[in-house]
Every structure is written in C-alpha cells, then in structure tokens.
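In what follows, a structure is listed as structure tokens, so that the remarks can point back to it.
Computation of the quantities below employed the complete heavy-atom set of this structure, encompassing side-chain atoms and omitting hydrogens, waters and symmetry-equivalent molecules. Chain identifiers are assigned alphabetically (A, B, ...) following the order of the sequence lines, protein sequences preceding nucleic acid strands; residue numbering begins at 1 within each chain.
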Amino acid sequence: MTGSIMDTFFEECEELLEAMDAGLAAIEEGDQDPETVNAVFRAVHSIKGGAGAFGLDDLVAFAHNFETVFDDVRSNKLQLDEKLIQLLFRASDHLSDLVVCARDGGQIDEAHHTVLIAALAEYIDEEEEELVFEPMGMGAAFEPAPLAEVQQETSYDIRFHPLKEMFATGNEPYFLFQALADLGTLSVKLDDSELPGFDAMEDGESYLSWELTLVTGESRSSIEAVFEFVEGLCELSISSEGDDAAEADALAALNAAFGIPLAEDDAAVALPLEQPAPEPVEASAPAEVEAEEVPDSAEDAVVEKAAVAKKDAAKSSGPKPTLRVELDRVDRLINAVGELIINHSMLAQQIANLDASDTRDVETELEGFKNLARDIQEGVMAIRAQPVKPLFQRMARIVREASAATGKTAKLITIGEATEVDKTVIERLADPLTHILRNAVDHGIEAPENRAAAGKDKAGEIRLTAAHRSGSVCIEVKDDGAGLNRKKIRQIAIDKGLIPADAELSDSEIDNLLFMPGFSTAKEISNLSGRGVGLDVVKNAVTALGGRVSISSVPGEGSMFSIILPLTLAVMDGMVVSVAGHTMVVPITAIVETMRGNEDMINNLGSDGTLLSIRGSFVPICDVAGSLGLRTSTTNEPAGVYLLVETENGDRCALAVDDIHDQRQVVIKSLDGVCGNVPGVSAATILGDGKIAMILDPESIVTASSSAAVFDTDRRMNNAIAS
Amino acid sequence: MQLQAETKHTEHSEFVSFTVAGQAFCLQITQIREIRRWQPVTVLPHAPADVLGVMNLRGAVIPIYDLSARFGLQQTEASERNVVIVVSVNDKPVGLLAESVSEIISIDPDDIQETPQVDSRNTMDFIQGIISQNDEMVRIINLNAVISSPEQVSL
C-alpha cells in the first residue's frame, strides 16, 4: 500500500518538477508575473510536503531552503537577477536529482548538496530578520499594510468547510488550524450539523465544517495565505469587524459594477471605480482597520461571491482535468485496435472473394466499419501522444551542464514545445537528443574567445525545434558554431579504415560519416560527449523508432541535426505492391505519384544507369526487387508500375515494382528483435490473408542503390548509412 | 509444490524428438511452445541462408530458422509435410523448421551422455548431449547456441 502511494507521489513529483522547470524557464525569459513565481513556489512546496510525509529528510531540508528563497522572491524582497536565477536553476536540477535518489536509491553528491544549501542560505540569511514578522503575501500585486496599522489586533470570523477533494490530496485541517494558531489567539468550533445518520454516511464524503475565531495583529492576507494550498478544495469565508470598511468598498465595487450608486464618501466610491479589480476584497484590504457598520448578511455574501469568483478564475486558468491511466491498459487497447484493423482487411478480402451477386450494401457498411476503426485508432493514438515539452525541458538542463563542464556559454532555444509525439518516441528520444546536444555544446559551439574573433555573440545558441511535417515529426538541433570540419572528418575516416583513401565523397556523404560505428572526432576522450560511443548510437536509436537522422552543416555558421520520426508507431497508410512475386507495402507518405511503365519512358545513361522521363524531366530508376536482392536488376525493361518517391533531401527517384494492388491502412509490426536491421525494409505488417508483408523504406532503398553506383567498393559504408 | 516439481524434474525429463535432414534431434518439452504445420513464410531480403523468413503467429511476427541449414547440413526444401517448432528464446518466440516430429521421450538425466568429440564444429556447437533411444542416437539441441540472440544471427 505504502509502495503505491509512494509511486503516486513520485509520479506527481515528476509533474511538479516539470512545472517548476517550466516556471523557471519563463522567469529566465523575463516573465515577472507573480503567478509564475507562485506556480514554482507551489511546486516546490508540494514536493516538500509529500517528501515530509514519507520521511525523505534530505529532500525536505533542501526543498525547504529552496522554498524559503522563493518565498522571498515572490514577496518581492529578493530581486531576481541573473545570478539568482542561475542558482535557482541549479537548485531545481539538484532537487530533481534528490527526487530520483529517493525513488531509485543511490547516492547524492554530498559536496554539491552542501554547496547549494550554503548558496541558498546566503539569500535566506540576509532576509531572515524581516521574515519573522513579514506575513506570506499573496504576491507582488499586494502591498503589505503599514506596520503600525497591522499591529492592531482584529478579530476574524472564519468559516471553513473542506470539500472531500481536500482530504484526497492529503491536506489535514488540523495543520491549517495550527498555522492559524501561530498567528494569534484561535478558538475553534466544530459544526457537525451536516453530519447525516450513520447509515446515510458515505465513505470519503466531507460533512464537517469549522467556525474559527482568530484574534490577531496579522493582516487578512496572512490568514488567506494559510489556506493558499487548499484553495479550491474548500469553502472558505473570512470576515471581521475590522473588515467592514473593506467590505463596504467591495460592496461598492460590486454595486458600481451593477450600476447602483452607493451613498458613501468620495474616496470609497472612487477607489473601486478606478480599479474594477477582480478581487475587490484584496484590492481594498489596506483600508481594513477603519470600522463601519454594514449588515452581516451582505458582508458574507460579498466575501463568498469574491471567493467563488476567485475559484472560477483558478479553474479557468488551471490545467485541464486529466486522468491517470496505466500505460499497459492503453497499450492493450492499441493492440486490440491494431487487430481490429487487420480484421477489417481480412473481412474485406473475404467479401471480395465471395461469390455473391451483389455485395454493394455490405461494402458500404464495411466502409463505415473502416471509418469507425480509424476513428478509434486515432483516438487511442491521441492518448499516447504527448507534447515534447517535458523532454525539451530536460534538454535545457543538459545544455546547462554541458556548458558548465566545457566553460562555454550556450543558450538553448526551444521551438514547438507543444508538438505531440507518441510517448514511446519521446522516451526513446531522450538519449539520442542528449547525445546530440552534448555534442553540439562540446564540438559545435566554439570557445568564447574564438566566437568573439569570428564576430559572433559570445554565448552560443542552440535551437531545438519540433514540428509536424506531412505525417511525420521533425526534430532539429541547430547550433551556430563553427560547422563541421569536413577535411578532418574525412581524414579520420580514412585513418580508421572506414573509407578508402581515394573515395570521392560529396559534402553530405562526408557529414554522414559521423554516423558510422567507430567514428569519434574527439582527439582525447572528454567526459562529456565522445566516451567511446559515437553518433552511430544516435542513429541506431532513431532507426529503431522507424526514423531517420541526418546532418547538414555550413562552415562558420553551424551545423544541424534533423531527426525525422513517424507520427505513430502503430498504423500507417500504405500502398500494397508486388515485387518479384512478393507482396510488399510502400508508405503512402513517401509516394509523390504513380504511373504505368512503358518503353518510351526509359532512357539509358551510361552503361547501367537508367532514367525515367516524366513530362520532360528525368529521374533515376531504382529496381526494388534488384536492390532487395530478390532478382537481378533489370532496369532497362519497363516495370509494371513506377512509384515516384521523394527523399528527405529532395531528390526524386522512381521505384520500379511489378504491380499495385491496393491502398490500405496497415498495422506496423516492428522487426526489431525479430531479425535486426534489414536494409531497405523498415518494418513488417500483416495483410488481410494473414500473411506478412514487408514495409519498404524508400529512403534507404534509394540511398543504397544510388551510393552503390557511386562507389561499390565499400559495401560496408552503404549498409551503415542505409540501415 | 515447487520442490516436488523439481525433484520430479531431476527424476525424469521429457524431450520431443524430431528429424532434421534425416538425423534425430530433440528439445526439452518445456522449451517448446507449440508445433505447427509448415506454411509458406515471407522472405526477408538479404537474409542469410538459414533464415527462411518471418511468419505470422497470431498477430506476432516471428522469424523462422532452417535447422538443417543452421547445422551445416543441406537446406530443407520445405513442404506441407514439414513442421515448425515454435520455441521461446529470451522470451521471444522463434520458429524452427524440422522435417517431422517423431515422439516424446522420457529420460533419466543420468542417461544423457556427453557429446563425443568429432570433427564437425558446425554441428558440435549446437549439441549439448546425446541420448540413446531404441538403439538410435538422439541429439539434444543447445537452443541458446542455435539462437544466441536474434539480432546477432540475422546479418
């Protein structure tokens, strides 16, 4: 039981840490919105609270320091300067390390821990004196009342009714009351009038309310601050005799809003008119000490209205309601939908084979079935789709650490954080992206003095972009460094025996040498990138996801890695073709055009090159059967059908196949772990007749065949690049 | 229960024997998931000779190996009469093509003999012992050697 609660806590921690990072990033961007600061504060506080419940003392202690500093920030006692923001970032990184340590066990970096606590303490110490009697403010917008006035004691009547959700989140009224008692003299009265009979009582429902009377010198806002963490989880009304003036103002504000003039002195009317504040109670709070007579009922109504308004505001701006579901369940659903789609194509095939005279009605219904299946499939995939934002946020940390370790300054700019990608893809992208970003900082961005010499800004810039592009997801990492040193890369490849010394390679071929196994440009092994593993690891990881990675570079301006990934890992639209007697599937997204072959279209070029003429332009022909080794290549004879495909770098190529059968949705079955990488094939699928068909990867077929023509000598490299 | 099963296990092990290229082989019955009639498989491009292709096993794509070719014997001309023995290696199903399944033999582990050294490395690596059954020699296949890891074997 404890285990599962703890799991929930750690799951929540992950979300909170994400929220914290997002907030910090926004603050770094110059967002000084008190709500942002509050969000971070709440995140840290919630982690601290949860950690306390599980006795994770290290975590609590650190979170407490962190939180204290942040509390000063949000009450505007600490100015957020560059230095402090950097410290907060480091603290947030460390906090997530601590969470991971608490979850998985393992050692924390004691020295680092102590240094950070000390650094945070520096900020706290300066402010400690004030902290003692400065109440927790509601944010920067609110100016604390002058000291002299605050010292006067006021009696507040607080009515507090927790909703059942409050208990579900582990909040305990007792602690709230305790916190109130710290503010002044508190008397508590339990209201159990709502308590039904024992039989009618429902499990988990909240029936109790409390009426509290607090005599304190503190301001109203400090009382509200006590309830800040249960905001929206309880019904709360706070009123006081001393509040009457404030209530009158608020009432005036409301009346003014409704166009009812109120006989009051000028100041009181002017104030609400000037600021039609959404929270009239707070806006007029400084005037609270002036006492005036207002009927009780009216007063309560106003407070409650304000509270409701506030709650609504919180609701509309808060996150959408979500449902936590085990991944297993979603995956089972996805599998079932996959089978459903296979089942549909089997049915369609059976009906086509039927001897019935009129199958039109059935086919119409079947079409409806297909559409429904597709809807379900899209819906299910949408469940798995998640924005890349958390992943990108983690990358910000990688860049921070990498630049600290290399003594370079690099800034990560993320674009398209809201792009949604399959959860598995996101998870499996973390490692390759980390690798690429470390590389970008370590090898891409130049040292500050070199940058200055080249007339660039001292701080390097790395752009991490995610975008949807025609059925796939494109993720790019672009740095503004020196670009690739092609001469050096070529030399290393020759030295390591990866290419023959006289190989003629185009620029892009040289760039792609980086992805070959056993290639690493770092002369000495730095502890950042280049610890024996090269970019081939990145390539393998991306290929395993059915994606492609490529690199391009402009000397002096930087280099760019692009990763192209399929949107879903489960289903795609494919064209069913036959190749040398085998049924195969070509992804629709790759096909630009299809055409029947005839002899007039074929043109020879050189001894064995053939080009297909399409409306006056010529594109190379690639025989699929030949490139898969299913029969010897015969490109001079017209094939049944040509599929015009466009590769990632814009080259066009005509794939020669024997025939086209059908266009349909196919369920992708990974060959990963079944037979490793098969050149030219990206995955397999199961057809309507229960047979397996290979899903072709046009990109790798084209690359393999064109580069084979360029230098057949090194088959190894072709395979490395193609796979 | 566990203990009982184990003691029983040491008393008698059950093996399924089958023929591959005219020779008798066997696998422990617990290693076998099912036995299916041969059906044409989907050929994998660029696959080595002993990988016949992939087959659809209730929605899963599983690789099929030709045991005969794997042992360095002649390649099997697969037909309707042949069988595919589905085994589980590292929790992944893998199909092995054999000529035909013969019988289930129950044997005392003490009766398993060590493989005598012969000069046929290709076969030797895959055999972990031999059993004498009705005056015939039955070779026990070392499954992990035959399919060390699917990735490794493929290319």
Side-chain angles (χ1 to χ4, degrees), chain A residues 334-343 346 540 544 579-585 624-631 666-697 700-701 704 715-716 718-720 722-723, chain B residues 33-34 36-67 69-70 75 77-80 82-97 143-155:
Chain A
I334 286 178
N335 276 337
V337 173
E339 297 301 317
L340 182 72
I341 289 171
I342 293 177
N343 192 251
M346 287 189 177
N540 289 344
V579 176
H582 300 277
T583 308
M584 300 198 172
V585 177
V624 176
S627 89
L628 293 180
L630 298 173
R631 69 170 172 225
V666 296
V667 179
I668 300 170
K669 301 275 177 183
S670 169
L671 287 175
D672 204 28
V674 174
C675 53
N677 271 330
V678 184
V681 172
S682 61
T685 186
I686 297 170
L687 293 177
D689 57 5
K691 288 235 180 66
I692 294 174
M694 296 292 138
I695 298 174
L696 300 178
D697 177 7
S700 80
I701 290 178
R715 184 90 193 145
R716 205 164 81 124
N718 295 335
N719 284 345
S723 57
Chain B
R33 282 170 60 157
E34 62 182 289
R36 300 170 67 90
R37 191 178 294 282
W38 164 262
Q39 282 173 332
V41 294
T42 304
V43 178
L44 279 171
H46 304 298
D50 53 2
V51 178
L52 289 164
V54 287
M55 187 182 86
N56 172 13
L57 181 74
R58 287 182 298 276
V61 178
I62 67 167
I64 310 292
Y65 293 86
D66 182 357
L67 274 184
R70 194 101 183 98
Q75 221 166 321
E77 280 299 321
S79 76
E80 277 267 315
N82 298 138
V83 291
V84 172
I85 301 168
V86 181
V87 295
S88 185
V89 180
N90 303 329
D91 277 337
K92 279 182 180 153
V94 172
L96 305 171
L97 174 69
L143 200 55
N144 287 325
V146 174
I147 300 134
S148 39
S149 111
E151 278 91 340
Q152 244 180 344
V153 195
S154 66
L155 283 173

For the student: nearest non-hydrogen atoms of A:L628 and B:P45, plus distance: O-CB, 3.5 Å
Residue pair B:L44 / A:M694: nearest heavy atoms and the distance that separates them: CD2-CE, 3.4 Å
CD1-CD1 distance between B:I62 and A:I692, expressed to the nearest 0.5 angstrom: 8.0 Å
Non-neighbouring partners of B:R33 that pass side chain to side chain contact (heavy atoms under 4.5 Å, CB included), sequence neighbours left out: B:V86, B:S88, B:P93
Atom group of B:V41 that falls short of 4.5 Å from chain A, counting heavy atoms: neither
Non-neighbouring partners of B:N82 that pass side chain to side chain contact (heavy atoms under 4.5 Å, CB included), sequence neighbours left out: B:W38, B:T76, B:A78, B:S79, B:L97, B:E99
